Visitor: 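Structure in structure tokens, see below.
Each residue takes its place number in the sequence, starting with 1. Everything numeric here is computed off the predicted structure, so don't read it as measured data. Values reported hereafter were calculated over all heavy atoms of this structure, with side chains retained and with hydrogens, waters and symmetry mates removed.
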Amino acid sequence: MSALTYPEVGATRLGPLPDGYHHLHHRTRVGRGRADLAAAGAAVTGWRMHRTSGARIHASAARAEAGVSVRVSLGVGPFRFKAPCRVVWAAYEDDRIGFAYGTELRHPERGEESFVVELADDGTVWFTVMAFSRPAAWYARLAGPVVPVLQHWYARRLGTTLRRIVTEGQNGPV
């Protein structure tokens with residue numbers, strides 16, 4: 001994993017998030033019970049959540065596993081940014097499913113982002129996006145305080161999209 005552009009590989013798995021980066025933590029309720037956990041986990045680790053949210057995903061595997069290369073593309077027309085990443089960890093546990101990817105060379109940021117669904121003791125299924133990042137490209141530095149706002153907006157969008165995917169799975173396509 002030497003192509004990664006930051007030394008704190010895996011910090012989103014257990015924390016704490018490293019100093020010197022912008023931190024993002026967003027949590028969304030997406031369902032209830034084991035069936036919703038399974039549906040949400042499959043959508044997260046099979047790239048469906050990202051694709052349904054408007055990102056273009058090109059992955060070297062159909063499912064998130066450590067070592068899988070991922071190219072995320074966001075934006076519109078000439079304002080589309082390509083972000084090469086690599087999955088640094090994946091979790092397929094009884095009550096927790098998700099993964100994190102880290103930035104590779106030519107990514108506009110440096111850092112790591114995780115996408116995890118968890119089944120709480122009360123049966124609620126939560127989706128959490130956790131990240132640490134700092135600008136790597138000149139245009140990311142130029143964008144300054146706008147980047148964290150966009151990152152938070154995208155995390156909220158992912159949560160809303162995942163909730164809709166889980167709900168549609170319960171009721172059939174809307």
Visitor: For Leu158, does its backbone N or O pair with a side-chain atom of His50 as donor and acceptor, under 3.5 Å?
Guide: no
Visitor: So which heavy atom on Val88 is nearest to which on Gly10, and how close?
Guide: CG2-N, 4.4 Å
Visitor: Whether the side chain of Glu65 engages the backbone of Ala90 through a donor-acceptor N/O pair (distance < 3.5 Å, no angle test) should be reported.
Guide: no
Visitor: For the side chain of Thr124 and the backbone of Ala120, is there at least one donor-acceptor N/O pair under 3.5 Å apart?
Guide: no
Visitor: Look up atom CG in Leu4 and atom NE2 in His107, then write down how far apart they are to the nearest 0.5 Å.
Guide: 11.0 Å
Visitor: Give me the ring orientation class for His152 and His26: parallel if the planes are under 30° apart, tilted from 30 to 60°, perpendicular past 60°.
Guide: perpendicular
Visitor: Is the shortest side-chain heavy-atom distance between Val87 and Val70 below 4.5 Å?
Guide: yes
Visitor: Rounded to the nearest 0.5 Å, how far apart are CG of Leu17 and CG of Leu24?
Guide: 9.0 Å
Visitor: Donor-acceptor pair, distance only, cut-off 3.5 Å: does the side chain of Arg51 make one with the backbone of Ile57?
Guide: yes
Visitor: Check whether Arg29 reaches the backbone of Val125 with its side chain - one donor and one acceptor, N or O, closer than 3.5 Å.
Guide: no
Visitor: Please enumerate all residues that pass side-chain hydrogen bond (donor to acceptor under 3.5 Å, both in side chains) together with Tyr21, with sequence neighbours excluded.
Guide: Glu8, Arg134
Visitor: Rounded to the nearest 0.5 Å, how far apart are OG1 of Thr52 and CZ of Arg164?
Guide: 7.0 Å
Visitor: Between Ile97 and Val116, is there a side-chain heavy-atom distance shorter than 4.5 Å?
Guide: no
Visitor: Check side-chain hydrogen bond (donor to acceptor under 3.5 Å, both in side chains) between Thr161 and all other residues, then give those that pass, not counting sequence neighbours.
Guide: Ser53
Visitor: Is it true that Asp95 and Arg34 make a salt bridge, defined as a side-chain N closer than 4.0 Å to a carboxylate O?
Guide: yes
Visitor: Which heavy-atom pair separates Ala40 from Val117 by the least distance, and what is that distance?
Guide: CB-CG1, 3.7 Å
Visitor: Looking at CZ of Arg86 and OH of Tyr101, how far apart are the two atoms once the value is rounded to the nearest 0.5 Å?
Guide: 14.0 Å
Visitor: List the atom of Phe132, the atom of Ala11, and the distance in Å for their closest heavy-atom pair.
Guide: CE2-CB, 3.7 Å
Visitor: Given His22 and Gln151, is the side chain to side chain contact (heavy atoms under 4.5 Å, CB included) satisfied, shown in steps?
Guide: CA-CA 10 Å; His22 168 73; Gln151 289 172 329; 3.4 Å; yes
Visitor: Is the backbone N or O of Ala100 less than 3.5 Å from a side-chain atom of Thr12, with the two atoms forming a donor-acceptor pair by type?
Guide: no
Visitor: For a quick check under 3.5 Å, do Ser133 and Glu113 share a side-chain donor-acceptor pair by atom type?
Guide: no
Visitor: Any chance CG of Asp121 has more than 12 other-residue heavy atoms, nucleotides or ligands included, within less than 6.0 Å?
Guide: no
Visitor: Roughly how far, to the nearest 0.5 Å, is the CD atom of Glu118 from the CZ atom of Arg96?
Guide: 5.5 Å
Visitor: Minimum heavy-atom separation for Thr128 and Arg27, please, with both atom names.
Guide: OG1-CG, 3.7 Å
Visitor: So how far is it from Ser114 OG to Leu14 CG, rounded to the nearest 0.5 Å?
Guide: 10.5 Å
Visitor: Can you sort out the partners of Trp47 under ring-ring contact (aromatic ring centres under 6.0 Å, His included), two or more places apart, ordered by chain and number?
Guide: Phe99
Visitor: Taking all non-hydrogen atoms of both residues, which atom of Thr28 and which atom of Gly159 are closest, and how far apart?
Guide: OG1-CA, 3.8 Å
Visitor: Looking at every non-hydrogen atom in both residues, tell me the closest pair between Val68 and Ala59 and how far apart they are.
Guide: CG1-CB, 4.3 Å
Visitor: Output yes when Glu104 and Arg106 qualify as a salt bridge under the 4.0 Å nitrogen-oxygen rule, no when they do not.
Guide: no
